[in-house]
Amino acid sequence: MRLKELSQKEVIDVDEGKKLGILGKADLIVDPDNGLIQSLIILNEGLFKSRDHIEIEWKQISIIGEDTILLKKD
């Protein structure tokens, strides 16, 4: 999966049954020592282009589906 394919997917926290939003732009944090993905940074642009971000540890991602990304804290 390419990073741009994450765009427009809805992120859902399964533990809390809460929609966190739809991905706009995303970036990855990669461990330089072993090359493994540590976390996904979600950049959300608001109505007036203000930027906010959510950092999700890669281990929290349960499923990346066609339309959604499901997160679990444990």
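A quick note: this is a predicted structure, and the numbers were derived from the prediction, not measured. What's counted below: heavy atoms across the whole structure, side chains too, no hydrogens, waters or symmetry copies.
Under the 3.5 Å distance criterion, with hydrogens and angles disregarded, no donor-acceptor pair is assigned to the side chains of Ser39 and Glu57.
Residues Ile56 and Ile61 are in side-chain contact: their nearest non-hydrogen atoms beyond the backbone lie under 4.5 Å apart. Counting only heavy atoms from C-beta outward, the side chains of Gln60 and Asp13 never approach each other to under 4.5 Å. Using a 4.5 Å heavy-atom cutoff, the side chains of Trp58 and Leu36 are not in contact. Residues Ile12 and Ile69 have side chains not in contact (no heavy-atom distance under 4.5 Å, counting atoms from C-beta outward).
In this structure, the side chain of Lys9 engages the main chain of Gly65 through a donor-acceptor pair within 3.5 Å.
To the nearest 0.5 angstrom, Leu71 atom CG is 10.5 Å from Glu16 atom CD.
Tracing side-chain contacts under 4.5 Å through hydrophobic residues (I, L, V, M, F, W, Y), one reaches Val11 starting from Ile64; they form part of the same cluster. In the hydrophobic cluster analysis, where Ile, Leu, Val, Met, Phe, Trp and Tyr join through side-chain heavy atoms closer than 4.5 angstrom, Ile54 is grouped together with Ile37.
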